[in-house]
S.K.: 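Below is the structure I would like to discuss, written out as structure tokens.
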Amino acid sequence: MLTLAFIRENKESILKGLAVRNFKNANVIIDNIIKKDLSKRQIKTELDQALAESNKISKEIGVFFKTGEVQKANILKEKTGQLKQQSKALNETLIKIEDELNELLYQVPNIPNPLVPVGNSEEDNETIFQEGEIPKLHEGAIPHWELAKKYDIIDFELGNKITGAGFPVYKGKGAKLQRALISYFLDKNTEAGYTEVQPPLLINEASGIGTGQLPDKEGQMYHVGIDNLYLIPTAEVPVTNFYRDVLLKESDFPICNTAYTPCFRREAGSYGAHVRGLNRLHQFDKVEIVRIEHPEKSYEALEGMVNHVKGILQELDLPYRILRLCGGDLGFTSALTYDFELFSTAQDRWLEISSISNFETFQANRLKLRFKNKEGKSQLAHTLNGSSLALPRVLAALLENCQTENGIKIPEVLQKYTGFDMID
RNA sequence: GGAGAGGUGGCCGAGUGGCUUAAGGCGCACGCUUGGAAAGCGUGUUUAUAAGGAAUUAUAACAAGGGUUCGAAUCCCUUUCUCUCCGCCA
């Protein structure tokens, strides 16, 4: 969420930014926040004064009791009684205002970077780069869900039987290819300076709030009620939360982590042809990169992450493009997002396989992730993350684009991980 | 899961109702000392919020939340985590 100080001082540019997102009622909400912030501060001052007075008198009472002047002490006791009531009332008001304020703040999305194009939907996203040749498939080429069946490498029905739709079972060379992709992605990331971590796959409430999944989006996550834990929708959540309530030194930057985890998403409301096969799953594997950066370096870092993922796709030799998301398609917490899409030839459509974002201080504010700056003051850090990469759609595009009449040809960089060069 | 013991600052550790934001030590920073270093000596060393131009001041925080009291690190309740023993277990 945005900080109050930022809202107080940048009302006009915030309203402009929210307009890029087509955010409704921005004016009303921001004005309300500013008004509530003002009264919050007034009440806080009043409360502090009442408490200070009360503390002072309590000390005097202590002295009177010591010296045996009980009567004098009792007179003062009455006085503190009043003050106590007063401060109790003030405190209740303060808590109420703070709650209301937070509720309002939770509604306000991040302010888009000036590069973000105006737009309503994914049609308005800007394609900024495209590379790789779209292969000409042989006669009778088929989509990945049919290939999966033909070569018996993914069993959707079996997953359906033991869990439900969206939980496929990978088999044989399919399972091995998954493992190969994970290892390959992790190796690429660690080579680029990311530290590999293995986080828990379940998170508590505080972590969900830290990265913004809670309180609004609990419907997207699987919830283990008995222990009040949530299955992670992405490694971003546990890994970014490593740094919740942390005060860093400037010399700690940059912090670069990478993690492979399964991801669990309820995807409530998704259906239709576009969710067929591997296109949208409830459980899928993903290798994530997460960075914590000095505010002055975060956009450099974002560019670095984009170039890094580019490098991977070039090695895989798959046709991809990079989009700069428009205001309407930009995630709630993001200031600037680049999406990577692979072209799935047999489906004749682009599949999103990575989303790389700079959240600036939006997550850090909730996380209370700060660092001591040169002036010795604590300042919010910037957080970034991106996929490198999400497996199912990479697999889908790979199967479809690399299919030949004799089988599926494994990209060369993966062969040392798979131990085979053909699925047939 | 059962029984017991605990949770105090960056770390160790004292502290069972007021003079404790917190002794003492370690660490760290700066200064003095020194040919240089170590030792020694001195000073400083949490965070958040509010007020102020600033120095600063006030409030809050001793696992978390609530309660008793004029006053709570200290007493009571709830939750949580850690350790020890027992049970179960990959």
Side-chain angles (χ1 to χ4, degrees), chain A residues 1-9 33-105 198-210 214-215 223-230 238 241-252 255 262 361 363-381:
Chain A
M1 68 187 162
L2 300 174
T3 64
L4 282 169
F6 181 78
I7 294 175
R8 225 180 283 153
E9 286 154 26
I33 288 173
I34 291 172
K35 214 174 77 198
K36 282 217 158 53
D37 172 52
L38 193 68
S39 59
K40 183 191 105 175
R41 282 149 64 207
Q42 278 169 356
I43 288 166
K44 164 85 170 132
T45 305
E46 274 179 57
L47 175 63
D48 282 356
Q49 281 165 357
L51 288 172
E53 180 71 16
S54 172
N55 286 344
K56 206 181 112 206
I57 294 173
S58 287
K59 277 193 182 136
E60 288 169 15
I61 291 174
V63 174
F64 283 135
F65 273 126
K66 279 263 155 73
T67 55
E69 294 166 277
V70 178
Q71 268 189 335
K72 283 189 181 172
N74 283 334
I75 293 167
L76 287 179
K77 267 197 195 180
E78 274 173 43
K79 228 179 177 176
T80 52
Q82 284 172 16
L83 279 169
K84 208 179 164 185
Q85 279 192 339
Q86 195 191 340
S87 56
K88 201 178 165 190
L90 283 169
N91 194 35
E92 275 166 16
T93 315
L94 187 66
I95 288 169
K96 192 169 150 254
I97 290 184
E98 277 174 346
D99 286 348
E100 289 167 357
L101 203 48
N102 274 332
E103 210 167 291
L104 288 168
L105 285 170
Q198 266 190 26
L201 306 182
L202 285 93
I203 51 139
N204 58 26
E205 215 165 45
S207 296
I209 290 169
L214 298 174
H223 183 216
V224 183
I226 194 167
D227 293 310
N228 197 23
L229 297 172
Y230 295 85
N241 270 284
F242 287 178
Y243 305 97
R244 168 155 51 85
D245 293 322
V246 165
L247 187 60
L248 297 166
K249 298 191 285 278
E250 276 205 38
S251 58
D252 293 330
I255 292 175
T361 61
Q363 283 186 329
N365 187 29
R366 275 214 212 179
L367 289 163
K368 296 204 185 68
L369 163 50
R370 293 153 303 156
F371 68 97
K372 273 251 187 275
N373 65 19
K374 287 200 181 70
E375 289 87 56
K377 294 211 169 126
S378 55
Q379 188 183 339
L380 293 170

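Every chain is numbered from 1, with letters handed out A, B, ... down the list of sequences.
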S.K.: Does A/L83 offer a backbone N or O that forms a donor-acceptor pair with the side chain of A/S87 under 3.5 Å?
M.R.: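 At least one qualifying donor-acceptor pair exists.
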S.K.: Using purine N1 to pyrimidine N3 plus N6-O4 or O6-N4 for Watson-Crick, or N1-O2 and O6-N3 for G-U wobble, each under 3.5 Å, what pairs with B/A38?
M.R.: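 Partner of B/A38: none.
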S.K.: Could you tell me the Watson-Crick or G-U partner of B/A54, where both distances fall under 3.5 Å? Say none if there is no partner.
M.R.: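 Pair assignment: B/A54 / none.
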S.K.: What does B/A29 pair with, Watson-Crick or G-U, if both distances are under 3.5 Å?
M.R.: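 Its partner is B/U43 (Watson-Crick or G-U wobble, both distances under 3.5 Å).
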S.K.: Considering every strand shown, what is the Watson-Crick or G-U wobble mate of B/G71 when both distances are under 3.5 Å?
M.R.: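 Partner of B/G71: none found under 3.5 Å.
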S.K.: Does either side chain, that of A/N204 or that of A/S207, offer a donor lying less than 3.5 Å from an acceptor on the other one?
M.R.: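 Yes - a donor-acceptor pair under 3.5 Å links their side chains.
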S.K.: In whole Å, measure the gap between the C1' atoms of B/C32 and B/A39 for me.
M.R.: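 To the nearest whole Å, 14 Å.
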S.K.: Any ion pair linking A/K96 and A/E100 (charged N to carboxylate O, less than 4.0 Å)?
M.R.: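 So A/E100 pairs with A/K96 through a salt bridge.
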S.K.: Do nucleotides 65-74 of chain B as a string where each nucleotide becomes B, S or -: B if the base has a protein heavy atom under 4.0 Å, S if just the sugar-phosphate does, - if no protein is that close.
M.R.: -----BS---
S.K.: Are the side chain of A/T361 and the backbone N or O of A/A364 linked by a donor-acceptor pair below 3.5 Å?
M.R.: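 Not confirmed, A/T361 side chain does not pair with A/A364 backbone.
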S.K.: Could I get the full list of side chain to side chain donor-acceptor pair (under 3.5 Å) partners for A/Y243, not counting sequence neighbours?
M.R.: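 Here the qualifying residues are A/N257.
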S.K.: Sort out the partner of B/U84 for me: Watson-Crick or G-U wobble, both distances under 3.5 Å, none otherwise.
M.R.: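 Base-paired to B/A3.
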S.K.: Hey, mind stepping through A/L380 and A/L367 against side-chain contact (heavy atoms from CB on, under 4.5 Å) and telling me if it holds?
M.R.: CA-CA 9 Å; A/L380 293 170; A/L367 289 163; over 6 Å; no
S.K.: With sequence neighbours excluded, give me every side chain to side chain donor-acceptor pair (under 3.5 Å) pair touching residues 40-51 of chain A.
M.R.: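 The answer is A/D37-A/R41, A/K44-A/D48.
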S.K.: Using whole Å, report how far NZ of A/K56 lies from C1' of B/U59.
M.R.: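 From A/K56 NZ to B/U59 C1': 15 Å.
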S.K.: Both distances below 3.5 Å, Watson-Crick or wobble geometry, any strand: find the nucleotide opposite B/C19.
M.R.: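 Check on B/C19: unpaired, no WC or wobble geometry under 3.5 Å.
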S.K.: Between B/A90 and B/G4, how far apart are the two C1' atoms, rounded to whole Å?
M.R.: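 One C1' to the other, the span is 28 Å.
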S.K.: When rounded to the nearest Å, what value does the distance between C1' atoms of B/G40 and B/U47 take?
M.R.: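 Comparing C1' positions in B/G40 and B/U47 gives a spacing of 33 Å.
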S.K.: List for me each residue that meets side chain to side chain donor-acceptor pair (under 3.5 Å) alongside A/D245, sequence neighbours excluded, and say none if there are none.
M.R.: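 With sequence neighbours excluded, A/D245 shows a side chain to side chain donor-acceptor pair (under 3.5 Å) to no residue whatsoever.
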S.K.: What are the atom names and distances for every N/O pair under 3.5 Å that joins the protein to nucleotides 46-50 of chain B?
M.R.:
residue : atom : partner : partner atom : Å
B/U47   : OP1  : A/K372  : NZ           : 2.3
B/U47   : O3'  : A/R370  : NH1          : 3.2
B/A48   : OP1  : A/R370  : NH1          : 2.8
B/A48   : OP1  : A/S378  : OG           : 2.4
B/U49   : O2   : A/K44   : NZ           : 3.4
B/A50   : O2'  : A/T45   : OG1          : 2.5

S.K.: Considering only the P atoms, how many Å lie between B/U74 and B/G67, rounded to the nearest integer?
M.R.: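 That atom pair is separated by 14 Å.
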S.K.: Run the side chain to side chain donor-acceptor pair (under 3.5 Å) test against A/D99 and tell me which residues pass, sequence neighbours left out.
M.R.: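 Applying side chain to side chain donor-acceptor pair (under 3.5 Å) to A/D99 gives none.
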S.K.: Under a 3.5 Å limit for both distances, which nucleotide forms a Watson-Crick or G-U wobble pair with B/U59, could you say?
M.R.: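 Check on B/U59: paired to B/A48, both distances under 3.5 Å.
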S.K.: Quick one: does A/L4's side chain get under 4.5 Å of A/I33's, heavy atoms only?
M.R.: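 Yes; the side chains approach each other to less than 4.5 Å.
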S.K.: Quote, to the nearest angstrom, the P distance that separates B/C88 from B/G1.
M.R.: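 It works out to 15 Å between them.
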S.K.: In whole Å, measure the gap between the P atoms of B/A61 and B/G71 for me.
M.R.: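 Between the two P atoms, the distance is 13 Å.
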S.K.: Please state the C1' separation for the pair B/A23 and B/G15 - nearest whole angstrom.
M.R.: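 Straight-line distance between the two C1' atoms is 8 Å.
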S.K.: Counting only Watson-Crick or G-U wobble pairs whose two distances fall under 3.5 Å, which nucleotide matches B/C89?
M.R.: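 Across all strands, not a single nucleotide pairs with B/C89.
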S.K.: For B/G9 and B/A14, measure between their C1' atoms and round to the nearest Å.
M.R.: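 The same atom, C1', in both gives a distance of 13 Å.
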